[in-house]
Peer 1: 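This structure is in structure tokens; I'll ask about it shortly.
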Amino acid sequence: MSSKATFTLFLIIGLLVTLALIAAPVVYAISLSFYTMDSFVADPEWIGLANYARILSTGAFWNALGNGLVYSISTIVLQVVLGIGMALVLNQAFPGRNLVRGLSILPYLLPTVVIVLTFKWMVDGSIGILTKAIAALGLPPIHWFESPQAAMASSVMVSVWLWTPFVTTAFLAGLQTVPTSLYEAAKVDGTNAIQRFYHITLPMLKPVLTVVVLLRAVWTFNKFDVIWLLTGGGPVGSTEHLAILSYTTAFTKFDIGGGATIATLSFLFLAISVFIYFRIFPLDEEES
Amino acid sequence: MAQVKLSAVRKAYGAVIAVHGVDLVIDDGELVVFLGPSGCGKSTTLRMIAGLETITSGTLHIGDRDVTALEPKDRNIAMVFQNYALYPHKTIRENLAFGLRMHKMDRAEIEKRVGEASSVLGLNELLDRKPRQLSGGQMQRVALGRALVREPEVFLLDEPLSNLDAKLRVKMREEIARLQKQVGTSMVYVTHDQVEAMTLADRIVIMKDGHVQQVGAPLEVYDRPANLFVAGFIGSPEMNLVEGRVVQGRFEAGEFSIDLPKGMTAEENSAISLGIRPEHIEIDDTASDIAFTADIIEQLGAQTLCAGTAQGVRLRVMTTRRDDVHRGSGFSLRFPANRLHFFNTETGNRISTEH
Ligand SMILES: Nc1ncnc2c1ncn2[C@@H]1O[C@H](COP(=O)(O)OP(=O)(O)OP(=O)(O)O)[C@@H](O)[C@H]1O
Ligand SMILES: [Mg+2]
């Protein structure tokens, strides 16, 4: 077989797999949003944009969108700040650095369920280590999953815990690419450590930062498991975001069309956000 | 502008001693070149002056200030790095102005200095570009400009030309020499290229294994190398060095023998080495002093370099161009007495000859 024929063959296989596994389900899911269907075996009935009109007029949708934004933005900000901080520390030379670097990635390697369960134990009302620590400090007990704010804070905390290692690793890799001589030139030019961070480190990390924020934003906005396992969206919808709302609408209320509509709206929102993001922070800066 | 004074400046990395006590005074306005083979401690010494490496022991003064323990930013120095180290995300203008901004200089003055430096270095057209839009030579100019605008007390340059091609290197070398004389600021320049050192320096500091071997003006170092290392290191092609002994007032190496200069004091039978530069050996077709047979001829254009054997000793001889020599040609050589160098083979030190 000629190499061109081989190439074409592999290309066709790849295309077919992509179509079957990615494009088809997406198209199917989107198409469902134009139908009404009260179970997966019922015959779908075409209703056009009626699902959209209905969903957009519910408070639950806007509440979930708001929650999703609060959850994603606070998670990303915390992750980036902590991630850069840890990367800076781990980039210094100190004894046992490699061990600490290895340990710091650990949460990222654990299954989400393990992290969530560990957190639940830590805040357990009677035996939790955090509960005891808070009591020992003489502070009033926190009802982690009962107050809306605490539930949201828990979700954010667990996500930050889980994903900061990824951000740290990305920044650490970025830091290694900054030539030492730039820092030395800046030292000779009269800067202190903070000025060097702003004038050298941050601009040099900008490409990594752009990608990391984007990836984290997309993943976090769609992140289902952490919140589902931790709070199930509660109490009273205070941690329910679009992914959870879509799931409960489709699978517990059997409003399949509604669920598909929420998923489609979420996808559109993300697509537009990513587009705007790339307009503001182009990956490849063009210079005149 | 100021004098720089190193007193017993030493650098140790744990057990490794990179620089053994260096004592050196760099005069106000002087251009001093640190020259030596790779790993001899040139950069380390320069970086200690800059404050980028701590000084293990000894003291460093710039002007009358003791700066031994000061941060680079408080030393009033400017440095040019081998890889230029321009800030990639800043424009050339910002690169030039950055050090001044960090020293809280007012805008008008910054603008004036950046304008002057860019005119002197021909950077006016490039000010709004980013470093990656420049050629190597242009980046090198910006790096020089960044040092220039600071108007520091000392310029420190670490192999600033080694990333440039040969032609540009010569051009930039001249430019650096011109600028330094123009602004009259002391400069320390690190290189392993002896031609750069010879052409630029007011004084050369030759280093080896963390020790200073000799300090002197270029011609002084060329004419009176202090030891075997300097003799072999300075000059191209390399000086001929022949190991031998003192026998009855003569230098002898096997069959090879030559009169010692009058007034030279050397113990009978002591091990000494003779040095003579290829360009100082004269070819004399009439006298039959020392017979030489050439076996490698290198035509350099203006000169002819012959390598061969004279009385069992390998020698290289350089003459003005001769088209009539070829493999196997024989000549008589003459060694002018005032061009001979003698060294104690054991210590390597020069044996003084009064001439
Ligand atoms: N951080 C360090 N730790 C241990 N040894 C070092 C360190 N930095 C330099 N050295 C050693 O110090 C010696 C002098 O190094 P230096 O960089 O000053 O050499 P150099 O003369 O500038 O050589 P080159 O021409 O290759 O730049 C070398 O033997 C080097 O291995
Ligand atoms: Mg060096």
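Here is the naming used below: chain letters follow the sequence lines, and residue numbers restart at 1 for every chain. FYI, side chains are in, hydrogens and waters are out, and symmetry mates aren't considered; it's all heavy atoms of this structure.
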Peer 1: A side-chain contact here means heavy atoms from C-beta on lying under 4.5 Å apart; do B:Arg101 and A:His199 qualify?
Peer 2: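 When only atoms from C-beta onward are counted, A:His199 and B:Arg101 do touch, with a gap below 4.5 Å.
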Peer 1: Look up atom CE in B:Met102 and atom NZ in A:Lys187, then write down how far apart they are to the nearest 0.5 Å.
Peer 2: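 Interatomic distance, B:Met102 CE to A:Lys187 NZ, rounded to 0.5 Å: 16.0 Å.
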Peer 1: With a 4.5 angstrom heavy-atom cut-off, could you sort out which part of B:Arg129 is near chain A: side chain, backbone, both or neither?
Peer 2: neither
Peer 1: Side chain, backbone, both or neither: which part of B:Leu156 has an atom under 4.5 Å from a heavy atom of chain A?
Peer 2: neither
Peer 1: Check the surroundings of atom CZ in A:Phe275: do more than 12 heavy atoms from other residues, nucleotides or ligands lie under 6.0 Å from it?
Peer 2: no
Peer 1: So which part of B:Phe81 gets closer than 4.5 Å to some heavy atom of chain A, the side chain, the backbone, both or neither?
Peer 2: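 B:Phe81 touches chain A through side-chain heavy atoms alone.
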Peer 1: Has A:Leu11 got more than 12 heavy atoms of other residues, nucleotides or ligands less than 6.0 Å from its CG?
Peer 2: yes
Peer 1: Checking heavy atoms, do the side chain of A:Gln195, its backbone, both or neither come under 4.5 Å from chain B?
Peer 2: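 Just the side chain, heavy atoms under 4.5 Å.
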Peer 1: With a sphere of 6.0 Å drawn around NZ of B:Lys181, does it hold more than 12 non-hydrogen atoms of other residues, nucleotides or ligands?
Peer 2: yes
Peer 1: Look up atom CG in A:Leu202 and atom NE2 in B:His89, then write down how far apart they are to the nearest 0.5 Å.
Peer 2: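 Reported value, rounded in 0.5 Å steps: 9.0 Å.
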Peer 1: Any salt bridge between B:Arg150 and A:Asp189, counting N to O under 4.0 Å?
Peer 2: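 Judged by the 4.0 Å cut-off on N to carboxylate O distance, B:Arg150 and A:Asp189 do form a salt bridge.
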Peer 1: If you count every heavy atom of other residues, nucleotides or ligands that lies below 6.0 Å from B:Glu116 atom CD, does the total exceed 12?
Peer 2: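 Counting neighbours around CD of B:Glu116, more than 12 heavy atoms of other residues, nucleotides or ligands fall under 6.0 Å, so yes.
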Peer 1: Please classify the contact between B:Arg47 and chain A as side chain, backbone, both or neither, with a heavy-atom cut-off of under 4.5 Å.
Peer 2: side chain
Peer 1: With rounding to the nearest 0.5 angstrom, report the NZ to CG distance, B:Lys73 to A:Asn192.
Peer 2: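 With rounding to 0.5 Å, NZ (B:Lys73) is 6.5 Å from CG (A:Asn192).
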Peer 1: Could you tell me which portion of B:Leu52 (side chain, backbone, both or neither) has an atom closer than 4.5 angstrom to a non-hydrogen atom of chain A?
Peer 2: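 Interface part for B:Leu52: side chain.
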